Amino acid sequence: MRTLYLASMSPRRRALIQLLDLPVEVLAVDVDEEIVTLVDPAQNAIERARIKAKAAKVVTPVDALIVASDTVVALGQDRLGKPVDADDARQTLTRLRGQTHQVHTGIVLLDKKSGAEQSDVATIDVPMRDYSDAEIEAYIDSGDPFDKAGSYGIQHPVFEPVLHLMGCYAGVMGFPLCHLTRALARWEIIVSADVPAACQQYNEYNCTVFETILDN
């Protein structure tokens, strides 16, 4: 069983990849994501994941199987990154309120030994509820927005910013597990865990799209 090297220090990605029940090593990579400025937000997510994978290639064993991911939150063609301060978070959350935006999470798999690479992207429509100004302020005060693209976490138990999600919940969190499972299967790496069941249980979410993703 090959070890997956996750090129991310995101606690959310670390928790989600464990649901695959595969050997995993987590490593930090130091990259400047802002150098990627592609117009297409989905392609931007893939390319940012790719530079993380390439950075991980330098510090991993010769037979490493590297997994990298990046999330781009977009309202139309406007990319909404991590907030620089409370005012930035406030402006972003106000823009998103009552609107449907898109979350694009790209994944890149890099087989260091063979040089083979795969990429994929999960694009999810995310309808936000009409939360109040007071809720925005309380959420900012919690500190939760500051490490998250788009200034919010879908999984926050109090703010609960999303209205009715119909797509991949893990993709909005930043790590689409079924897309990764599908990519691994293309390299004949079979995940024995019931990934859809584990993901739904972990996220307390009834997913309606996993069969479509895994069957493609």
Side-chain angles (χ1 to χ4, degrees), residues 1-27 42 45-46 49 52-53 56 64-73 100-111 116-129 144 147-150 152-216:
M1 185 72 68
R2 294 182 68 181
T3 298
L4 302 181
Y5 288 83
L6 176 63
S8 174
M9 290 305 291
S10 161
R12 296 168 295 282
R13 292 187 180 118
R14 291 203 308 268
L16 287 169
I17 201 170
Q18 298 297 331
L19 300 179
L20 299 181
D21 199 22
L22 295 174
V24 176
E25 294 284 343
V26 178
L27 54 130
I46 292 173
K52 293 178 183 178
L65 185 57
I66 299 163
V67 181
S69 182
D70 193 85
T71 299
V72 173
V73 177
T100 295
H101 65 279
Q102 287 70 45
V103 173
H104 309 273
T105 297
I107 58 169
V108 169
L109 272 69
L110 178 61
D111 187 333
E117 180 188 301
Q118 285 193 68
S119 64
D120 202 349
V121 64
T123 294
I124 308 104
D125 289 330
V126 182
M128 301 290 266
R129 66 182 181 85
D144 193 68
D147 67 338
K148 296 174 178 66
Y152 74 91
I154 187 175
Q155 71 277 16
H156 194 270
V158 177
F159 187 43
E160 295 184 328
V162 177
L163 193 57
H164 296 296
L165 189 71
M166 300 297 291
C168 174
Y169 191 102
V172 181
M173 284 182 70
F175 205 58
L177 288 179
C178 287
H179 290 74
L180 177 57
T181 301
R182 180 175 67 185
L184 290 169
R186 291 173 182 148
W187 282 349
E188 299 184 350
I189 299 171
I190 305 304
V191 178
S192 60
D194 186 341
V195 173
C199 186
Q200 290 177 88
Q201 182 178 17
Y202 179 81
N203 290 309
E204 299 180 349
Y205 174 70
N206 181 29
C207 181
T208 62
V209 297
F210 69 87
E211 291 178 332
T212 301
I213 296 167
L214 292 173
D215 289 345
N216 284 340

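This chain uses plain numbering: 1 for the first residue, then up along the sequence. Everything numeric here is computed off the predicted structure, so don't read it as measured data.
Cation-pi geometry between Arg14 and Phe175 is not met: the NZ or CZ atom fails to fall both under 6.0 Å from the ring centre and inside 45° of the normal.
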side-chain contact (heavy atoms from CB on, under 4.5 Å) for Arg182 and Asn216? Distances and angles first, verdict last.
CA-CA 8 Å; Arg182 180 175 67 185; Asn216 284 340; 3.4 Å; yes
side-chain contact (heavy atoms from CB on, under 4.5 Å) for Thr71 and Arg13? Distances and angles first, verdict last.
CA-CA 11 Å; Thr71 299; Arg13 292 187 180 118; 3.2 Å; yes
Asp144 vs Phe159, test: side-chain contact (heavy atoms from CB on, under 4.5 Å). Steps then yes/no.
CA-CA 10 Å; Asp144 193 68; Phe159 187 43; over 6 Å; no
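You'll find the side chain of Met128 reaches within 4.5 Å of the side chain of Val162, heavy atoms only. Side-chain contact between Gln18 and Val24 is present, with at least one heavy-atom pair separated by less than 4.5 Å. Residues Phe210 and Thr181 have side chains not in contact (no heavy-atom distance under 4.5 Å, counting atoms from C-beta outward). The shortest side-chain heavy-atom distance between Met166 and Asp125 does not fall under the 4.5 Å cut-off.
The aromatic rings of Tyr205 and Tyr169 lie tilted to each other, with the angle between the two planes from 30° to 60°.
Separating the CD atom in Gln155 from the CZ atom in Arg12 is a distance of 6.0 Å, to the nearest 0.5 Å. For the atom pair CD1 (Ile46) and CD (Gln118), the distance works out to 11.5 Å, reported to the nearest 0.5 Å. Here the CG-CG distance, from Leu65 to Leu6, works out to 11.5 Å after rounding to the nearest 0.5 Å. The distance from the OG1 atom of Thr3 to the CD1 atom of Ile66 is 12.0 Å, given to the nearest 0.5 Å. Here Arg2 contributes atom CZ and Leu184 contributes atom CG; the two are 10.0 Å apart, rounded to the nearest 0.5 Å. Summarising the geometry, atom CG belonging to Asp120 is positioned 9.5 Å from atom CG belonging to Leu180; distances are rounded to the nearest 0.5 Å.
Scanning both residues, Val191 and Leu20, for their nearest heavy atoms gives CG1-O, 3.4 Å. Shortest non-hydrogen contact noted between Pro127 and His164 is CG-O, 3.4 Å. When all heavy atoms of Ala64 and Tyr5 are compared, the pair lying nearest together is CB-CD1, 3.7 Å. Between Ser69 and Ile107, the shortest heavy-atom contact is OG-CG2, 3.8 Å. Counting all heavy atoms, side chain and backbone alike, Ala53 lies closest to Leu110 at O-CD2, 3.8 Å. Taking every heavy atom of both residues into account, Ala56 and Ala7 meet most closely at CB-CB, 3.8 Å.
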Show me, pair by pair, the donor-acceptor contacts under 3.5 angstrom made by side chains of residues 193-203, not counting sequence neighbours?
residue : atom : partner : partner atom : Å
Asp194  : OD1  : Ala197  : N            : 3.2
Gln200  : OE1  : Cys207  : N            : 2.9
Gln200  : NE2  : Pro196  : O            : 3.1
Asn203  : ND2  : Cys199  : O            : 3.2

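Side chain of Thr105 to backbone of Gly171: a donor-acceptor contact under 3.5 angstrom is found. His104 contributes no side-chain N or O that, together with a main-chain N or O of Thr123, makes up a donor-acceptor pair within less than 3.5 Å.
His179 pairs by the ring pair (Phe, Tyr, Trp, His ring centres under 6.0 Å) definition with nothing, not counting sequence neighbours.
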